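Here's the structure, in structure tokens; my notes come after.
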Amino acid sequence: MTKDNLPPEEDVSESDGAAASKTYSAENIQVLKGLEGVRHRPAMYIGSTSESGLHHLVYEIVDNAIDEVMAGHATRVNVTLHTDGSCSVEDNGRGIPVDIMKEEGRPALEVILTTLHAGGKFDSSNYKVSGGLHGVGSSVVCALSSLFTAEVYRNGQVHYVELERGLLSKPMEITGKTKKNGSLVRFWPDQSIFETVEFKSTVLEERLRELSFLNAGTEIILTDEDEDEPEERVKRFKAKGGLSEFIKYLNRSFTAAQQISPVIHFSGEIDDTKVEIALQWTNGFKERINGYANNIFTKDGGTHIVGLKKAVTRVISTYAKNKDLVKGKEQLTGDDVREGLTAICSVWITEPQFEGQTKGALGNSEVAGQVEKVIGEELNTYLNENPSVGRKIVERAAAASRAREAAKRARDIERKKAGLSSSLPGKLTDCSDRNPENCELFIVEGDSAAGPAKGARNRNFQAILPIRGKILNVEKAGIHKVLQNEEVRSLISAIGTNIVPNFNLEKLRYHKIVMLTDADVDGAHIRTLLMTFFFNFMPELIENGHLYIAQNPLFRVRKGKGKPQYVFTAEERDVLVAEMGGNVETTRFKGLGEMNADELWNTSMDPEARTLFQVNIEDRLHAEQVFERLMGSEVQPRKKFITEYAREVKNLDI
Ligand code: 0R9
């Protein structure tokens, strides 16, 4: 390699000092080759050069600091986002070794920062993170930073080193004395590599919180110097209880009454594999089981999750049988036992293998049996020592089993009834256009609203379906009851798609399903019930952007015989009245039924004038929690939801 074929920013031959004189040594050519690879194909090392890749840099350095905590030599990790766009990570461990390495003739610190995969060679940790994008080491962060500095506090001295784009620009020197021990790394991501170099504390926060749960007792402090709000500026994560606290955090929206069991937490070690598990049952309907291997989230599960599911199913159903808690032929399936279960399984393995397209699943086959064994023994002991908890878990699973059976029966009946979707409900006022892409279905509250809506609509493409009273609370009722409900049946027939598991989007009769309810709390409640129905039984409708909320006005404001204006809140009304001055008449609509057809068309139905919100649930997990919580019996959180929920819909066409 000659000077000429190096990328310009990596040409350090003109600079002074040791780095320059070493540029052409065999050793440094090796370094350059390695780091050039990183700069040419950064995505191979950090996944991407987008925001996610940028934050990956921080995680790489934080992982090193956490290794030192887990080795028992550090207690704290500080992550700081500086106003100059750099990020620093500091730990209070032993300090990265600085002594001269015999083979290389250079301080270990320099070798670690300039050698690709040096980590593997030096790594004192038994639990590697090879494979995938993890554990690529500090040298990768160095290579992708326009400037990288490291300060090591060790042996009473401060050692300082500086690198630019992976190349040493200031060899290690002693810059002062110190009483403390630790390492401080600061880096400025290279603008020529990343699409964005703006770190976001909200993004980092998620991962740092997760790391604090996964590594019990580790204190992680995140400071965002750009943040003016004192409470937002510094965030401290520390979880003495580890995974127990993780489960509590995930289940934080469930009230005490909605928690079926306490958090059950245990760990074990088989061969060289460490297994830690925490579980809790709630009255929610979903199972949420997350796995980690060596601190890495396994989004596609893998062998540890297989072991967990098998063990939980076996232990609970055997316990139920042995204690005579299930009647006659009642059989608890895995789905019954795991309904409402939130679980985290974190394993530590010497040589983890990540599999699948995106390397998101743990592949080590031996781990399934190891996890199964730990849970098998520990959960069984727990249940025998806590029989009241055991009974509640079994009762919950038995209820799930009965609901599943009833749902199956109901579905069979529905199928026999020769297609729910073929016969349209009598109360539907359909439109004439037969192309679903053009068509809109307005769901309105009862016959009083249906009248004006029918008068207002454009009959070519707008259909009206009145729903009487409050439709059934489907979250509470269970599918068999839901399908017996007249209102729900006409809703399903009108939409045409049937429901899960027989949902068929191709049969959708209207591409816009619009909930047009009154602008009061009752209206919001009905909308919430409808949303719950769609979320549970037609989730694809939401995922494909077919569900909308129409905003209809609460007040009419008119000066004398002038043109009326419509507003949506009391605040807006007050502002308008103040602007208009005297002789202003305001009317509050008690419901859509009080509006005349013209008003309804002009404010809520005319595509040119109306405001529609597209229901767009981005975080399904979060939304599920909210729904489950709200569909419980407590009124207060439901009211809170109605306001919060507004934030989860995206303004579409105004
Ligand atoms: C600010 C982020 N922290 C680090 O990157 C960091 C790495 C590191 C470390 C050791 C201690 N603290 C650290 N912080 C360390 C020290 C010793 C042995 N193993 C690890 C020791 O004093 O004997 N190291 C991580 C890798 C290495 N050190 C090395 F061994 F490769 F040098």
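Counting starts at 1 for both ligands and their atoms, in listed order. Note that this is a predicted model, so its numbers are computed, not measured.
Considering backbone and side-chain atoms alike, Ser138 places every N or O at 3.5 Å or more from each N or O of ligand 1. Residue contacts with ligand 1: Glu90 is placed with no nitrogen or oxygen under 3.5 Å of a nitrogen or oxygen of the ligand (distance criterion only).
Under 4.0 angstrom from ligand 1, there are no non-hydrogen atoms of His73.
The side-chain heavy atoms of Val77 and Leu208, taken from C-beta on, include no pair separated by under 4.5 Å. Counting heavy atoms from C-beta on, the side chains of Val79 and Thr223 never come closer than 4.5 Å.
Taking a 4.0 Å cut-off on heavy atoms, Ser183 registers as neighbouring ligand 1. Contact annotation: Gly95 has at least one heavy atom less than 4.0 Å from an atom of ligand 1.
Around atom 8 (C) of ligand 1, the closest heavy atom drawn from Ile112, Val141, Ile96 belongs to Ile96. Comparing Pro97, Ala71, Ser88 against atom 24 (N) of ligand 1, the shortest heavy-atom distance belongs to Pro97.
Close placement of the Phe213 and Tyr249 rings is indicated, their centers lying within 6.0 Å of each other.
Ion pairing of Arg236 with Glu219 is present here, as a side-chain N (NZ or NE/NH1/NH2) and a carboxylate O approach within less than 4.0 Å. Glu90 and Lys180 are joined by a salt bridge, as a carboxylate oxygen and a charged side-chain nitrogen come within less than 4.0 angstrom of each other. A salt bridge between Glu210 and Arg207 is present, with a side-chain N of the basic residue lying under 4.0 Å from a carboxylate O of the acidic one.
Here is the list of ligand 1 atoms found below 4.0 Å of a heavy atom in Ile61: 2 (C). Within ligand 1, counting atoms from 1 as listed, the ones closer than 4.0 Å to a heavy atom of Arg94 are 15 (C), 16 (C), 17 (C), 18 (C), 19 (N), 20 (C), 21 (C), 22 (O), 23 (O). Below 4.0 Å from some heavy atom of Glu68 lie the following atoms of ligand 1, by number and element: 10 (C), 11 (C), 12 (N), 15 (C), 20 (C).
Listed for the Glu110 side chain is a donor-acceptor partner under 3.5 Å among the backbone atoms of Met172.
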